[in-house]
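Please read the structure below before turning to the comments.
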Amino acid sequence: MEQTLSIIKPDAVKKGVIGKIIDRFESNNLRIAAIKKIQLTQCDAQSFYAIHKDRPFFKDLVEFMISGPVVVMVLEGQNAVAKNRELMGATNPKEAATGTIRADFADSIDANAVHGSDSLENAKNEIAFFFGTREIC
């Protein structure tokens, strides 16, 4: 069983579509092994997205991610990383397939509703960033 990290971003939380997004995961055999709603600090967002620190969009990404609460989850299931990425759709919602989370709930490439780990290795690191071992069951 694989695990992956999912974040419902501030734009989707503000729209009140948390339940609809969670239903997509659960309806597609991804079990929620851990979940919490948190407000990221600037330090949190900078640390989590440090891989992008030299990119021109980094400052805007950090500002967006601290603009409101987020919901972080550990999703578990067969091929969880790939399944989550398939459900999310393309980063740019205009390019996302019909029926994907981003096609249905995202406004722009920046406010794109969700984040998901892009590999098993990154999933392990991202999960550890937000959750202690005792929080995941």
**OP:** Consider only side-chain heavy atoms of I, L, V, M, F, W and Y, link residues closer than 4.5 Å, and tell whether Met88 and Met65 are in one cluster.
**Re:** no

Original post:
Using links of under 4.5 Å between side-chain heavy atoms of ILVMFWY residues, direct or through other members, which residues join Val81 in one cluster?
Top reply: Leu120

Subject >> Between CG on residue Asn122 and OG1 on residue Thr4, distance to nearest 0.5 Å >> reply: 9.5 Å

Original post:
Minimum heavy-atom separation for Ile35 to Phe131, with atom names?
Top reply: N-CE2, 4.0 Å

Original post:
With hydrophobic residues grouped by side-chain heavy-atom distances under 4.5 Å, do Phe105 and Leu87 end up in a single group?
Top reply: yes

Original post:
With distance as the sole test, does Gln39 use its side chain to make a donor-acceptor pair with the main-chain N or O of Ile66 at under 3.5 Å?
Top reply: yes

**OP:** Could you tell me which residues satisfy salt bridge (charged side-chain N to carboxylate O under 4.0 Å, His left out) with Glu135, sequence neighbours excluded, listed by chain and number?
**Re:** Lys36

Original post:
Roughly how far apart are Ile7 CD1 and His115 NE2, rounded to 0.5 Å?
Top reply: 5.0 Å

Subject >> Side chain Arg102, main chain Gly89, donor-acceptor under 3.5 Å >> reply: yes

Original post:
Looking only at heavy atoms, what is the nearest atom pair of Arg24 and Ile101, with distance?
Top reply: NH1-N, 3.7 Å

**OP:** Check Ala90 against Ala96 and note the closest heavy-atom contact, atom names and distance.
**Re:** N-CB, 3.7 Å

Original post:
Is there a chain of hydrophobic side chains (I, L, V, M, F, W, Y, each step under 4.5 Å between heavy atoms) that links Val71 to Val114?
Top reply: yes

Subject >> OG on Ser67 to NZ on Lys9, rounded to 0.5 Å >> reply: 10.5 Å

Original post:
How far apart are the C-alpha atoms of Asn29 and Lys83, what are their side-chain angles, what is the distance that settles it, and do they pass the side-chain hydrogen bond (donor to acceptor under 3.5 Å, both in side chains) test?
Top reply: CA-CA 9 Å; Asn29 300 313; Lys83 175 59 78 175; over 6 Å; no

**OP:** Report yes or no: do Ile18 and Leu5 belong to one cluster of Ile/Leu/Val/Met/Phe/Trp/Tyr joined by side chain heavy-atom distances under 4.5 Å?
**Re:** no

**OP:** Using the test salt bridge (charged side-chain N to carboxylate O under 4.0 Å, His left out), find all partners of Asp110 that sit at least two apart in sequence or belong to another chain.
**Re:** none

Original post:
Quick one: side chain to side chain donor-acceptor pair (under 3.5 Å) pairs with a partner in residues 85-94, sequence neighbours left out?
Top reply: none

Original post:
Which heavy atom of Gln42 sits nearest a heavy atom of Val62, and at what distance?
Top reply: CG-CG1, 4.0 Å

**OP:** Report the distance from atom CD of Gln78 to atom CE of Met1, rounding to the nearest 0.5 Å.
**Re:** 5.5 Å

Original post:
When you measure from the side chain of Ser27 to the backbone N and O of Asp23, does any donor-acceptor pair fall under 3.5 Å?
Top reply: yes

Subject >> Ile38, Asp44, Ile8, Asp11 screened by side chain to side chain contact (heavy atoms under 4.5 Å, CB included) with Val70, the one that passes >> reply: Ile38

Subject >> Shortest non-hydrogen contact from Ala80 toward Leu75 >> reply: CB-O, 4.1 Å

**OP:** Please name all residues satisfying salt bridge (charged side-chain N to carboxylate O under 4.0 Å, His left out) with Asp107, sequence neighbours left out, ordered by chain then number.
**Re:** Lys15

Original post:
Going by heavy atoms in the side chains, are Ile32 and Val74 under 4.5 Å from each other?
Top reply: no

Subject >> Option among Ser119, Ser6, Ser117 that satisfies the side chain to side chain donor-acceptor pair (under 3.5 Å) test with Glu126 >> reply: Ser117

Original post:
So Asn112 and Phe64, side-chain contact (heavy atoms from CB on, under 4.5 Å) or not? Walk me through it.
Top reply: CA-CA 11 Å; Asn112 65 5; Phe64 170 65; 5.5 Å; no

Listing, residues 47-61 side-chain donor-acceptor contacts under 3.5 Å, not counting sequence neighbours, or none:
{"from": "Ser47", "atom 1": "OG", "to": "Cys43", "atom 2": "O", "distance (Å)": "2.9"}
{"from": "His52", "atom 1": "ND1", "to": "Arg55", "atom 2": "NH1", "distance (Å)": "3.4"}

**OP:** Side-chain contact test, heavy atoms from C-beta onward, threshold under 4.5 Å: evaluate it for Gln3 versus Lys124 and give yes or no.
**Re:** no

**OP:** Return the minimal non-hydrogen interatomic distance between Gly68 and Pro10, and the atom names on each side.
**Re:** O-CG, 3.6 Å

Original post:
Do the non-hydrogen side-chain atoms of Asn79 and Glu2 ever get within less than 4.5 Å of each other?
Top reply: yes

Subject >> Residue pair Ile22 / Met73, side-chain heavy-atom distance below 4.5 Å >> reply: yes

